[in-house]
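Have a look at the structure below before the remarks.
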Amino acid sequence: MSALDLPGYTHVYSGKVRDLYAPVGADGEVVPDRLLLVASNRLSAYDWMMSPEIPDKGAVLTRLSLWWFDQLSDLVPNHVVSTDVPEAVGGRAVLVRKLEMLKVEAIARAYLTGGGLEEYREKGSVSGVVLPDGLVDGSKLPEPVFTPTTKAPVGEHDLPMSPAEVEAELGADVAAEVSRLTRAILARGNEIAAQRGILIADTKVEFGVSPDGSGGLVLADEVLTPDSSRFWPAELWEPGHPQPSYDKQFVRDWLTSTDSGWDRKAGGPPPELPAHVVEQTRAKYVEAYERLTGETF
Ligand SMILES: N#Cc1c(N)ncnc1-c1cnn(CCN2CCOCC2)c1
């Protein structure tokens with residue numbers, strides 16, 4: 001993707017779906033303690049970037065993340081400074097405090113699927129936590145489990161971290177607090193989401209600390225969005241097979257149907273998404289936002 005030309009900002013980083021910019025002062029110097037976090041309309045599925053983009057996806061997920069930051073403000077402080085952002089990214093960008101980010105992807109799982117299910121089938125445990133026998137794809141876990149990974153360089157895969165590795169990276173006290181907070185965030189998210197017909201199977205959050213060492217952990221990045229979490233429609237939850245995705249199922253179903261003509265195993269890129277799939281996917285993001293927040297997008 002090509003970075004935006006945002007007057008007063010310089011491009012710092014682009015991930016799959018979000019981009020980072022740093023504010024530049026009148027003297028032309030980068031402002032040291034702020035960043036602009038921009039959510040794109042890009043959609044990733046099956047490890048491929050889809051085309052075309054999904055209109056309003058960035059704005060919907062930005063507003064959802066801001067809403068969750070508020071819902072979680074009694075649990076943990078966050079990095080949000082302002083939504084007074086350049087018009088070109090209005091509604092889909094947030095000015096944030098620049099933090100020293102922890103080098104751990106803080107993942108918690110409330111339901112068993114994906115990589116956690118694979119590890120459970122191999123070891124009967126996940127991230128060192130022994131689980132009950134007989135769990136299947138989609139099983140609800142007795143309580144959320146912390147399953148941290150490394151933050152791999154772009155193009156490489158994040159790797160599971162043992163509790164000892166997390167402690168070596170963060171220290172025992174910070175490691176324990178990251179685990180506690182990550183599980184508490186997911187538990188709170190599911191307390192709220194389940195009442196509104198959405199199950200959050202797992203989530204990835206990121207924490208940072210103030211560069212001057214003051215204060216404790218600060219919740220950063222995005223929080224409890226369909227990009228950072230698996231969202232499942234509660235009414236379709238049925239343990240024993242892969243659950244439908246709340247937001248990406250239309251894309252997955254079309255890509256794996258004969259209509260797309262795509263052979264995922266062949267290794268080539270997926271075709272352009274048809275308009276109806278784009279529109280249905282946009283509608284699911286808006287629906288998730290409106291159901292969770294009670295607000296109209
Ligand atoms: N949110 C936030 C935030 C913050 N509040 N303070 C500092 N950094 C970040 C941040 C946001 N994304 N990433 C991961 C991308 N990194 C970009 C640089 O290069 C390495 C990867 C870091």
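Every number for a ligand or one of its atoms is a count from 1 in the order of the listing. Residue numbers run from 1 in the order of the sequence given.
Electrostatic pairing of Asp253 and Lys248 does not count as a salt bridge here, judged by no charged N lying under 4.0 Å from a carboxylate O. Salt bridge Lys57/Asp227: present, at least one basic N to carboxylate O contact under 4.0 Å.
Looking at Gln249, its side chain does come within 3.5 Å of a backbone N or O of Ser245 through a donor-acceptor pair.
Legend: residues meeting ring pair (Phe, Tyr, Trp, His ring centres under 6.0 Å) with Tyr246, ordered by chain and number and at least two apart, are absent.
Ring centroids of Tyr289 and Trp67 are separated by 6.0 Å or more, keeping the two rings apart.
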Identify all N/O pairs between ligand 1 and the protein with a separation under 3.5 Å and present them as a table of atom names and distances.
{"from": "ligand 1", "atom 1": "1 (N)", "to": "Asp221", "atom 2": "N", "distance (Å)": "2.9"}
{"from": "ligand 1", "atom 1": "5 (N)", "to": "His79", "atom 2": "ND1", "distance (Å)": "3.0"}
{"from": "ligand 1", "atom 1": "5 (N)", "to": "Arg97", "atom 2": "O", "distance (Å)": "2.8"}
{"from": "ligand 1", "atom 1": "6 (N)", "to": "Leu99", "atom 2": "N", "distance (Å)": "2.9"}

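Relative ring orientation between His79 and Phe69 is described as tilted, the plane-to-plane angle lying within the 30° to 60° band.
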